[in-house]
Amino acid sequence: MSRYDPKEIEEKWQKRWRESALYKSLEDSGKEKSYVLDMFPYPSGEGLHVGHPKGYIATDIYSRLQRMRGKSVLHPMGWDAFGLPAENFAIKNKVHPSAAVERNIARYKEQLGMIGFDYDWSREINTIDPGYYRWTQWIFLQMFKKGLAYESNEPINWCPQCQTGLANEDVEDGQCERCNTAVEKRRMRQWVLRITDYADRMLQDLEALPWPEHIKELQRNWIGRSEGAEIIFPLSGKYKFVLLHGFNGNPSEDTYLWIKKELENRGHEVVVPELPNTSAPTEKEWVAAALGAATYDKNTIVIGHSLGAVTAMKVLEKLDTTVAGLVLFGGFCDPNFLDKARPFANTFSWKFDGGKIQKNTGRIVILHDRNDTAISRSQVEALSHLLDTPITEVVAKEPHFEASEEPVVIHAALPSIKVFTTRADTLFGATYVVLAPEHPLLGELRERISNWKEVEKYTITAQHKTEIERTADGKEKSGVELKGIKVINPATEKEIPIFVADYVLGGYGTGAIMAVPAHDERDFAFAKKFNLSIQEVITGGDIEKAAYTGPGTLINSEHFDGVSSEEARQKITRSYGEVKVSYKLRDWVFSRQRYWGEPIPLIHCDKDGWVAVPEKDLPVRLPEVDHYEPTGTGESPLSNITEWVNTRCPTCGGPGRRETNTMPQWAGSSWYYLRFMDPKDSAELVSKKNEKYWAPVDMYVGGAEHATRHLIYARFWHKFLYDIGIVTTLEPFTHLYSVGLILAEDGRKMSKRFGNVINPDDVVMRYGADAFRVYEMFMGPFENAVAWSTDSIAGARRFVERIWRLAEHMGDEDPSLEQILHQTVKKVGEDIEQFKFNTAISQMMIFLNAVEDAGSIGTKQFSIFVRLIAPFAPHLAEELWERVGEPYSVHRAPWPSFEESKLVGESVPMVVQINGRLRATINVPPKADQHEFQSLAEEAVKERLKGVHIKRVIVVPGRLVNFVVEEKS
RNA sequence: GCCGGAGUGGCGAAAUUGGUAGACGCACUUGCCUUAGGAGCAAGCGGGGCAACCCAUAGAGGUUCAAUUCCUCUCUCCGGCACCA
C-alpha cells in the first residue's frame, strides 16, 4: 500500500465531491430534514486562523452523520459583509468596501475549501447582494408599517472614532465594541426598533429551548425583567384649571362634571366655561368665550377636549403670559377625521403657531386614546410634531374619552412624578424623589424651579459625561435639589423634596425613583451625603449603620404595620400604584451614520411625513460612490449625494428626501438563516414550501459572544416574522452550541498584534486536513477554550496514519473485535449527536488499539469502521472506501447500526470490595443471578473473609459485590 | 456587588439513576529496530512504601456499605452584568 499522502487524496476527493454535487441540499427528497448552520462570518482582511474553523468542523461532522442517517441535509455558508469591520478595513487600505469584500471572500473560500467541508455552495448568500438586502429592507418596512420602527430624538451612544450612533448591545464597558473608544451620549435623530415589545415573549420562549444554560442566562440578564409598581407622586401646589369642552358638548356632561369634581376634591379651582353655538361653532366665538371665562396666569392649567383642545391652543397663542400647563385629550390640529367630516372644518383656521404655544406653556400633555374612533394616528402625530411633545398613548374608558369617568385625564392633568419601584412595601419610607438628568419634567417645570440655573448646569454636565465617567465617579453620589417645588408622598401625604441626580438612569423604568434611604444602598449613600431624613419602615436591620435591603415586617407604615414586606408589596401596590414590568433591554437603535450598510427604505415628504418606499421599488440600492468616509456630523455620507437623496414622495408625488442613515451590521444576519432555505427566490423572502420543510434550524453553532447581540436580534426578527405569517415556528434555532476559543500556544488570544496566529493553510499543508479536523475535535470538550499545541496535532496525524495502515491488515472477520466494534458504533453516534467529539475520537482510538492488538481486521468490520471515521476524516474515509471496493460515496453510505446483544461479551469484569475497598477484580458471566455473583466474589476473597463477621453483602449485578464486615470479637 | 460556569496527574482530559478515579491523547523515561529520524515497535508514567497496603478529584465538614458525583460552609479561577430602583 502506498504512503499516506494527504495532499493528494484531499485534492482528489474535494474535486470529485464538487463535480458530483455530492452535498446538494434537496427539499423534495421525501426524507426527514436536518438543517445545520454555522454563524456566517464577515470576511475580514486577515483571513481565517485555526480558531475559526473549529465550529465549522463540528457542524460538518454533525451534518455528515445526519446525511448518513438518511436525512436530507441543509448545511450552507454565506457572508455577512456589510458593517463597520468591512468598511473600516476598506478605509484603512484605501479600497472600495465592495472590492475589499470580494477579495476577502475569495480568500475565505479558498481557505475553507482546503478543509473539506460539505457546504452546498449553490446556496451561498451575501448580505450585500441587492437581491438579498432587498428583503432586509422589506422586513424593516413591515416593522415600520406595524409601528415597530419609530423615529426618536433621545440621547444615544455615539462612538467618536467610528463616527456613528450605536445600539446598547454595541457598547461594552462604556466603550465601542469595535474600536474600544469611550462612547459619548449624543442627542440625535434615530430610527429605533421596538424590541422591548418582544421582551416578554423572548424571555418566556427561552425556557423551553434546549440551549446551554449559560447562554440562556446571558439572555435573561440582558433582557433584565423586573416586576414592580408604578406610583404617582403629585406635585404639591394648587392650580386653577380651565376645562374647554368639545363640539356638540356642554359643561354639564358627565365626563366634565366628574373631572371637575375630582380636581376640586383635591383642592384645586376648576372653571368649565360654556362655549357658544356648540353645534355650529366658530373659532372667533369659542376663543373669545374661553378667554373671557377666566384669567390666565402661571398657576393656570388649560385642559381641552377634542375641539376644546383646538380652542385651547388658539387661546394660548393669544396670551402674553405663561400658564403652568396645557392638557389636550382627543385633540388634533387638522380636520381629517377617521369617520366623517364636521361643520367646523371651515369655521376654524388650521394654522397654529406651535412655537408660541410652547413658549406660553410650562408642561404640555397630548393624550391619545388608542381606540379613538375619530382621531387618527397621523392627526396626533401632526399635533405631536406641532408642539414638539411626545404622545401619551392611553386606553380611555370609552373611545374618544367619552365615559362618565376618565381617570387617565385626571392623571394627565395634575403635574406629578411617576416612579418605578420593586419595593412598593417601603413606600412609607420614601423621603425624597429623584429624577434622572434626562427627565422631561425638568424642562417643563423650569418656571417654578427657583434654582433653575444650578439645576440646568447639573443636567447638562451629567448628560455630557461618558458612561465611563459616570461610573468612574463611582459610588460618590452627586445631585441637586429642585428648589421651589415639592411632591407629596401619596402614602404619608407629606411634602418631600425632589432632586435631580445621575445615579438615576433616564432610560430605565420611568426615569424617576422614590428614594427610600433606609432600605436601598444607593439612596442611603445619597441621603447621608445630602443630610436627608432616613425613615425605617422594615424591621431587621440597623439603619444607623447601613441600608437594610432584606425582608422583614413593616413599621411606621400606619395600618400596614405588622404586615410582612412580601405581602405589603402587593397590598401597597394595589392601594397606591399599579403593577408594572421594566426591562433592562432597550429598544434597538437601528440607524448608522455610515455608508456601508443597507439603506433604510424611507422617504420623507413635507406633507406626508415619513413614507415607506413601495415594495415594488425595493431594493433601495446603495449608491456607488467614490467617497464613503463618515462625515462626523451625525449625517450619513449618503446625505451628500443629492441626486440620490432627492426623489419623489411615493404617496403624493411631491418632492421627497430619502433617509440617508443605513442599517447596523446586525440587520442582515437577523434573518439570513431563512434565506438559505430558498436563496434565489425573487418573489418571496422564503417560499412557504421551503420554509415549511427546512425550518427551524436544527443545529446552530457559533461564538458565545453573540448571545446578547445576534441571537437576541435574530429571535426578535423571527418572532416578528412569525406574527406577520412569514415563518411558522416560534423560535429560529432549536439546538445551539457555542464554540470554545482556540488560544495561541502562549495561552493568549490569537492576534496579529501578538504575532501568535496559526494559519489553517499551513497546518493543512503539513499535517493534512483530516488530521487537522481530528485534532481540533480531540482538543477537549467542544465548548472549552483550549490552547493550540503543535505537539498534539502530531498525535492526530499518527492516529490518521494508523487507520491508513489498517488497510494492510485486512483478513478474516475477527470475532474478538465484535463487541468493541459494536460499542464503538454506539458511542460514536451518540457522542456526535451530543457534540462530544473528543470522546467519540477516543473511543475510535480504543478500537484501533484493539485491532492492532488483534493483528488484523475483517473486511466487513473495516467497512463499518471507515464509515465511523468518515464524518471526522472525510477524505481518508472516502479513499479507503474506494480501496475496499465500495461504491462512491462513503458520505452517502448508511450509518452503521449496532446490536444491543453484542455490546456485552461472554464475561464482564466485576469488582469485589470489603468495606468499600477494592480487594479483587474478577470476570463473571453477565447474566448470573445474585447468589452466583456473591459466591464467585466470596471465592475470590476467601482468605480475607476468614475470621471476620459478614454483616451485610451488597450486590450490584455484573458490576460489584461489597462485603460489609467487622472483626469477630 | 449581583448572576452563571468551573476547579481531577507535568499538560488536554475521561468517568452521572453514587459503584474499579485518571480511559484516550500529548509530553516524558527506558529498551528494541535503524546509516539516520521530529519514523516505527515494546514497556513504564498521581504520591508514599521492599511489600501487604496506605494517601489522593481546590479546602473543611456531613449523608452513605460506597462520594469526582448528593448536602452545608470556605477558597480560587473563568465568563457575563454592573448605580437597572
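Below, chains carry the letters A, B, ... as their sequence lines are ordered, and counting in each starts from 1.
Here the separation of B:A85 from B:C73, taken at their P atoms, is 25 Å to the nearest Å. Separation of the P atoms belonging to B:A67 and B:U57 is 11 Å when rounded to the nearest angstrom. Nucleotides B:C71 and B:G18, compared at atom C1', are 13 Å apart to the nearest Å. To the nearest whole angstrom, the two P atoms, one in B:G9 and one in B:C3, are 29 Å apart. Separation of the C1' atoms belonging to B:G48 and B:U16 is 31 Å when rounded to the nearest angstrom. When the P atom is used for both B:A13 and B:A6, the distance is 14 Å, rounded to whole Å. Using C1' as the reference atom, B:C83 and B:U17 are 46 Å apart when rounded to the nearest Å. Taking atom C1' on both nucleotides, B:A82 is separated from B:C2 by 8 Å, rounded to a whole Å.
Residue A:Tyr503 has no polar side-chain atom (N or O) positioned under 4.0 Å from OP1 or OP2 of B:A85. Under 4.0 angstrom from either OP1 or OP2 of B:C65 there lies at least one side-chain N or O belonging to A:Arg952. Contact check, A:Asn221 against B:G4: no side-chain N or O comes under 4.0 Å of OP1 or OP2. OP1 or OP2 of B:C55 has at least one side-chain nitrogen or oxygen of A:Arg917 nearer than 4.0 Å. The phosphate of B:C26 has OP1 or OP2 within less than 4.0 Å of a side-chain N or O from A:Arg798. The shortest distance between the side-chain N/O atoms of A:Arg802 and the OP1/OP2 oxygens of B:C41 is not below 4.0 Å.
Taking the six-membered ring for Trp and the full ring otherwise, A:Phe778 and A:Phe799 have centroids separated by 6.0 Å or more. Residues A:Tyr432 and A:Phe526 bring their aromatic ring centres within 6.0 Å. A ring-centre distance under 6.0 Å is found for A:Phe847 and A:Phe865. Ring centers of A:Phe835 and A:Phe782: under 6.0 Å apart, within the cut-off.
Note on A:Ser226: only backbone sugar-phosphate atoms sit closer than 4.0 angstrom, heavy atoms only; bases stay farther off. A:Arg586 comes within contact range of at least one nucleobase, with a heavy-atom separation under 4.0 Å. Contacts of A:Gly795 with the nucleic acid, taken as non-hydrogen atoms under 4.0 Å apart, involve only primed sugar atoms and P, OP1 or OP2. Contacts of A:Leu218 with the nucleic acid, taken as non-hydrogen atoms under 4.0 Å apart, involve only primed sugar atoms and P, OP1 or OP2. No engagement by A:Ser789 is indicated, since no non-hydrogen atom pair under 4.0 Å with the nucleic acid exists. Nucleic acid contact class of A:Val504 (heavy atoms, under 4.0 Å, all strands): base. Within the 4.0 angstrom heavy-atom criterion, no nucleotide atom of any strand lies near A:Arg220.
At a cut-off of 3.5 Å, with distance as the only test, a side-chain donor of A:Glu169 or A:Tyr713 sits close to an acceptor on the other residue. For A:Ser478 and A:Tyr503, the side-chain atoms include no donor-acceptor pair closer than 3.5 Å.
For A:Trp222, the listed nucleotide lying nearest its side chain is B:C81; candidates were B:C81, B:C65, B:A39.
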Can you give me the N/O atom pairs linking the protein to nucleotides 15-24 of chain B at distances under 3.5 Å, or say none if there are none?
residue, atom, partner, partner atom, Å
B:G19, N2, A:Gln913, OE1, 3.3

Checklist line | Check against side-chain hydrogen bond (donor to acceptor under 3.5 Å, both in side chains), A:Glu745 and A:Thr790 | finding: CA-CA 8 Å; A:Glu745 294 209 74; A:Thr790 301; 3.0 Å; yes

Next item on the list: Might you work through the salt bridge (charged side-chain N to carboxylate O under 4.0 Å, His left out) test for A:Arg798 and A:Glu801, ending with a clear yes or no?
Entry: CA-CA 5 Å; A:Arg798 255 194 296 272; A:Glu801 284 207 51; over 6 Å; no

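One interatomic measurement links the two molecules: CG of A:Leu743 to C1' of B:G79, which rounds to 13 Å at whole-angstrom precision. In this structure, A:Gln834 atom CD and B:A14 atom C1' are separated by 15 Å, rounded to whole Å. Here the P atom of nucleotide B:G25 and the CD1 atom of A:Ile803 are 12 Å apart, to the nearest Å. The nearest whole Å value for the distance from the CZ atom in A:Arg797 to the C1' atom in B:G37 is 15 Å. When rounded to the nearest whole Å, the span between CZ of A:Arg773 and C1' of B:G25 equals 19 Å. In this entry the distance linking CG of A:Asn784 with C1' of B:G5 reads 11 Å, nearest Å. Straight-line distance from the CZ atom of A:Arg919 to the C1' atom of B:C54: 10 Å, rounded to whole Å. The interatomic distance linking A:Ile742 (CD1) with B:G12 (C1') rounds to 12 Å, in whole Å.
Nucleotide B:G9 carries a syn base; the chi torsion (O4'-C1'-N9-C4 or O4'-C1'-N1-C2) is within 90° of 0.
Residue-to-nucleotide contacts include a donor-acceptor pair under 3.5 Å from the side chain of A:Lys477 to the base of B:C83.
Residue A:Val953 is tested with A:Val961, A:Val964, A:Asn962 for a side-chain contact (heavy atoms from CB on, under 4.5 Å); the sole match is A:Val961.
With respect to A:Arg220 and A:Glu213, a salt bridge is recorded, a charged nitrogen being found less than 4.0 Å from a carboxylate O.
Taking a pair as Watson-Crick or G-U wobble with both distances under 3.5 Å, RNA chain B forms stems of 3 or more consecutive pairs at B:1-7 with B:75-81, B:10-12 with B:24-26, B:28-32 with B:40-44, B:46-48 with B:53-55, B:58-62 with B:70-74.
Ring geometry for A:Tyr775 against A:Trp788 counts as perpendicular: the plane angle is over 60°, on a 0 to 90° scale with 30° as the lower cut.
Side chains of A:Glu476 and A:Lys529 form a contact here, defined as non-hydrogen atoms less than 4.5 Å apart.
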